Protein chains: 2
Amino acid sequence: MLTAPTGLTPLAAEDILSLAERAYRRLRDAIADGSLPAGERISERSLAQSLGISAQPVREALRRLEAEGMVVTLPRRGTLVAEFGPRQLAEMGLIRVALEGTTASLAARHATAGDITELLALLRAMRPLLRANDIVALAEANERFHGHIDGLAGNAFLQRSLDALRAYDHFARLRALRSTPQEPRRAWREHAAILSAIRRRDPGQAEARMRAHVRRSLEASGILDALNT
Amino acid sequence: MLTAPTGLTPLAAEDILSLAERAYRRLRDAIADGSLPAGERISERSLAQSLGISAQPVREALRRLEAEGMVVTLPRRGTLVAEFGPRQLAEMGLIRVALEGTTASLAARHATAGDITELLALLRAMRPLLRANDIVALAEANERFHGHIDGLAGNAFLQRSLDALRAYDHFARLRALRSTPQEPRRAWREHAAILSAIRRRDPGQAEARMRAHVRRSLEASGILDALNT
DNA sequence: CATCAGAAACTGCAATAGCAGATAGCATAT
DNA sequence: ATATGCTATCTGCTATTGCAGTTTCTGATG
């Protein structure tokens, strides 16, 4: 019997993370970056074999992916990779618009002076990256900025949801940053505007600006086009 | 394949639930209605024994709850029930405000005439329940109304998120409906207003009214008080 | 009495084996 | 040629067993 046609290599025994966690991340990223195409049949057993582990952790990873909608399993028949393309990215994008808006609003309510100082530092740290046009580092800095605001919101469920979303549209955002050369600077200015609203303790404006920012960046990368059919 | 002219519909795969699924629901509801207090230590083995099944399905259920933040497990030390009280309900409520708003906006864009007819029927079906003051049936009808709008939005991730949320604040909503006698009628009027915005194909107003509705009902039941400390 | 090894009893995690439903292939019968 | 029945082999699902840390109890020792 041949191994499963997934190009997944066995897991390295280096990390302290559980095998299930590692299998989950591996599969999640493979789906997110498109290397696991939709419709691909996944067998717990053969996948376990190609990862060099037993079927249990694999199964756990699959159930987790199923809960997130990235995989659908027909009882006693098989598990398939769900569709994950422009349409799904757009759907996730709309959720991010709503949730990050709430996050900004809450951050404007709860942020301390120290928090705002940290956000300013994050913003300032992006400037040299802008000059150098280091896309990968910029994407990380962006995610750090947004993630920090998420933390200030003080809503554990909100933060959890956004973390999960970010894992999936990470690759799409990278592509978007590369495709439109003026996007990084524009995003930076919008970040600064959001931060000034937070600093002013204006939840309404913080939310409005955040929503506009996320939505505009989605439009700039053409992601929302997938919904205007 | 033979055409089989009988009007039989395919069997639903949901009829037989896996042990893991059943264990998950049991635990989830126990946490949601407070019968599993925060800090309670849960052992995979002993819980499995008291449920009459093996440890595997229980473990799956626990990992799922962990992904939802309702349980926290310290590797090789134990699993405990996370805090789930007014504060958490309020946090979930704010997420619902944002997501249901998006849902209403999308529904206003995508709803067909038939969809609107169905929503009107759902609304009309609530009227006798209002007169009879049948709280349990009203809560179900409310969830059906909101759930139907979620479906119209055509965003699978949005729908999934809201379904998960609803499972947790279901009990709180029941309590809220009971505590304020004028709430059911007020909710009904707001539902009607939302529907009219959807009918008018006005996404902005549908979203605004939905957000106001969810937020106000949260305030009426005192749930949001937990955040104004 | 206090302290501290060390065994015993937990814990979550992982591997293995086996069950039952579902499918595909093939032989047989009509 | 088509339909039927059987079998081998897939699938996900569950049970059992054992592993490796962690905690807790215990009892000998100071």
Side-chain angles (χ1 to χ4, degrees), chain A residues 1-6 8 10-27 36 39-82, chain B residues 1-5 8 10-27 31 36 39-82:
Chain A
M1 189 224 293
L2 290 173
T3 58
T6 73
L8 296 175
L11 294 174
E14 181 182 346
D15 244 325
I16 52 172
L17 295 171
S18 72
L19 294 182
E21 176 72 26
R22 280 185 275 171
Y24 163 74
R25 297 189 185 188
R26 188 72 81 81
L27 288 171
L36 251 184
E40 179 92 346
R41 299 187 78 254
I42 296 183
S43 157
E44 294 179 357
R45 280 170 171 76
S46 54
L47 179 56
Q49 189 173 0
S50 59
L51 290 179
I53 61 181
S54 89
Q56 233 76 15
V58 169
R59 175 176 166 79
E60 247 171 61
L62 288 177
R63 302 321 298 245
R64 205 161 146 198
L65 289 167
E66 186 180 31
E68 293 176 351
M70 309 312 298
V71 128
V72 44
T73 138
L74 307 95
R76 303 190 189 251
R77 298 187 58 199
T79 301
L80 332 174
V81 177
Chain B
M1 174 194 297
L2 217 59
T3 63
L8 294 179
L11 292 177
E14 304 293 329
D15 288 340
I16 296 174
L17 297 171
S18 71
L19 294 183
E21 177 71 27
R22 280 185 272 172
Y24 163 73
R25 297 190 185 188
R26 187 77 79 80
L27 288 171
I31 293 175
L36 249 185
E40 180 92 345
R41 299 188 77 256
I42 296 182
S43 156
E44 293 179 359
R45 279 171 170 78
S46 55
L47 180 56
Q49 188 171 3
S50 59
L51 289 180
I53 61 181
S54 89
Q56 231 76 16
V58 169
R59 174 177 167 79
E60 250 172 57
L62 288 177
R63 302 321 297 247
R64 203 161 147 196
L65 289 168
E66 186 180 31
E68 293 176 349
M70 309 312 298
V71 128
V72 42
T73 139
L74 308 92
R76 304 223 141 82
R77 299 186 60 200
T79 301
L80 359 162
V81 178

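Quick note: numbers below take in every heavy atom, side chains included, and nothing from hydrogens, waters or symmetry partners. Lettering follows sequence order; numbering is per chain, from 1. In this text, all values refer to a predicted model and were calculated from it rather than measured experimentally.
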Self-check item: Phosphate-side-chain proximity, A:R63 and D:dC13, N/O vs OP1/OP2 below 4.0 Å
Solution: yes

Quiz item: Is there a side-chain polar atom (N or O) of B:S54 under 4.0 Å from OP1 or OP2 of D:dT14?
Solution: no

Quiz item: Is there a side-chain contact between B:E21 and B:R64, using heavy atoms and a 4.5 Å cut-off?
Solution: yes

Quiz prompt | Nucleotide C:dC10, atom C1' - distance to CG of B:L47 in whole Å | solution = 16 Å

Quiz item: Tell me: CG of A:L17 to C1' of D:dG21, nearest whole Å?
Solution: 16 Å

Quiz item: Going by an N to O cut-off under 4.0 Å, is there a salt bridge joining B:R63 and B:E60?
Solution: no

Quiz item: Hey, are the side chains of A:V58 and A:L51 touching, using non-hydrogen atoms and a 4.5 Å cut-off?
Solution: yes

Quiz item: Within a reach of under 6.0 Å around CD of B:E40, are more than 12 heavy atoms found that belong to other residues, nucleotides or ligands?
Solution: yes

Self-check item: Among C:dA15, D:dA15, D:dT11, the nucleotide that comes nearest once only the side chain of A:P57 is considered
Solution: C:dA15

Quiz prompt | Atom-to-atom span, CG of A:L74 to C1' of C:dG21 - whole angstrom | solution = 13 Å

Quiz item: Is the shortest side-chain N/O distance from B:S43 to OP1 or OP2 of C:dT11 below 4.0 Å?
Solution: yes

Quiz prompt | Value in whole Å for how far the P atom of C:dA14 lies from OH of A:Y24 | solution = 16 Å

Exercise. Whole angstrom is fine here: how far is it from CD in B:E60 over to P in D:dT14?
Key: 7 Å

Quiz prompt | B:R59 or A:Q56, whichever maps to the more 5' nucleotide of DNA chain C | solution = B:R59

Quiz prompt | Separation of D:dC13 C1' from B:E21 CD (nearest whole Å) | solution = 13 Å

Quiz item: In whole Å, what is the span from the CG atom of A:L80 to the C1' atom of C:dT23?
Solution: 14 Å

Self-check item: Length of the line joining B:L62:CG and C:dA14:C1', which is rounded to integer Å
Solution: 16 Å

Quiz item: Donor-acceptor pair under 3.5 Å: do we get one between A:R45's side chain and the base of D:dG12?
Solution: yes

Quiz item: With respect to the phosphate group of C:dG12, does any side-chain polar atom (N or O) of A:S18 fall under 4.0 Å of OP1 or OP2?
Solution: no

Quiz item: Can you find a donor-acceptor pair, distance only, under 3.5 Å between A:R77 side chain and D:dG12 base?
Solution: no

Quiz item: Quick one: does A:R22's side chain have a donor or acceptor within less than 3.5 Å of a partner on A:L17's backbone?
Solution: yes

